[in-house]
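Reading through the structure tokens given below for one structure.
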Amino acid sequence: ADREIVLAAVTANGLALQYADESLKADREIVLVAIEIDESALQYADESLKADREMVLDAIKKSDKKNEKRSHLLSYVDAKFNTDREVILAAIQSESFSVNDALKFADKSLKSDRQVILAAIHSKSLWCYSACEVLEYADESIKADREVVLAAVKQEWPALQHADDELKADREIVLAAVTANGLALQFTDKSLKADREIVLAAVTLEGYALEYADKSFRADREIVLAAVTANGNALQFADKSFKADREIVLAAVTANGNVLKYADKSLKADREIVHAAVTLEGYALESADKSFRDDREIVLAAVKTYGRF
């Protein structure tokens, strides 16, 4: 119960607060010193201080200055602060807090607060920040807010999956997403999966996006060539005719030798194509015409990248 001794103890180790007399666990100065050393000491503070707004805001500010580790301060404060806009905003805008932790703690009413969600999306948090999760936790009204969704998608393209269906059909938003990563095409409205400019932008960046495009594009030579050049695996989604198209198959195996297995039988017997495939991935020899197993140059190229024969 000796104040000077307790103050010295918590200055050395904030968790020493747990051994203090109950009267000193309600001492504002002692608790502030303790949580500045170790924020988890707040769990041992008197309930009155866990519910003290000024102290909680002060603790958040101090935590921000010590951003070498992720703050879990909100897990120790009084639950009433989950409706306190200033407290939640302070945590979101702090580099020490995980934005996602702050939003999980926040009351539903704040998840429909436009300023709170935009602050979360633009946060400079150093800890487990995800614009995608921010939009996931947001209220449905926010998921239908064009400015918020566009900001989220520009930060992190998978956020598109949590947008309102109407915004998944918004050309500007979808274009922003697919130019960040073509795989965002999977989350778009059906109408935009049939939009040639959007599909071309998507497959040029990530060929595998061809799987999510309108099936008519599987017979579009320019689209297919762009897709297999970006990711050889896209060959599996191409129209059958293109699996016998020498330029397309060569582009595909040059990106990924293993996709030789998707090529037409005639091209599995094409020496240049087989050589390109096995030079990149020796295992592709399994898909090549069996005659190449007696071709010394082809076999040598294959074992150099696969190590077996």
L7-I5 co-clustered via ILVMFWY side chain contacts under 4.5 Å: no

V278 side chain near T305 side chain, heavy-atom distance below 4.5 Å: no

Q18 atom CD, neighbour heavy-atom count above 12 within 6.0 Å: yes

Steps toward side-chain contact (heavy atoms from CB on, under 4.5 Å) verdict (K111, I142): CA-CA 8 Å; K111 292 174 186 176; I142 295 294; over 6 Å; no

Side-chain (K168) to main-chain (Q161) donor-acceptor, under 3.5 angstrom: yes

Donor-acceptor pair between N231 and E206 side chains, under 3.5 angstrom: yes

Full working for side-chain contact (heavy atoms from CB on, under 4.5 Å) between L118 and V148: CA-CA 6 Å; L118 278 172; V148 171; 3.9 Å; yes

Side-chain touch K104/S98, heavy atoms, less than 4.5 angstrom: no

Transitive ILVMFWY side-chain link L49 to I35, under 4.5 Å: yes

Y283 atom OH: more than 12 heavy-atom contacts under 6.0 Å: no

Non-hydrogen side-chain atoms of V199 and R196 separated by less than 4.5 Å: no

Stepwise side-chain contact (heavy atoms from CB on, under 4.5 Å) check, K80 with R53: CA-CA 10 Å; K80 74 175 184 180; R53 189 171 187 273; 5.9 Å; no

Heavy-atom side-chain contact between F292 and K268 under 4.5 Å: no

K215 atom NZ, over 12 foreign heavy atoms within 6.0 Å: no

Y212 ring center within less than 6.0 Å of F187 ring center: no

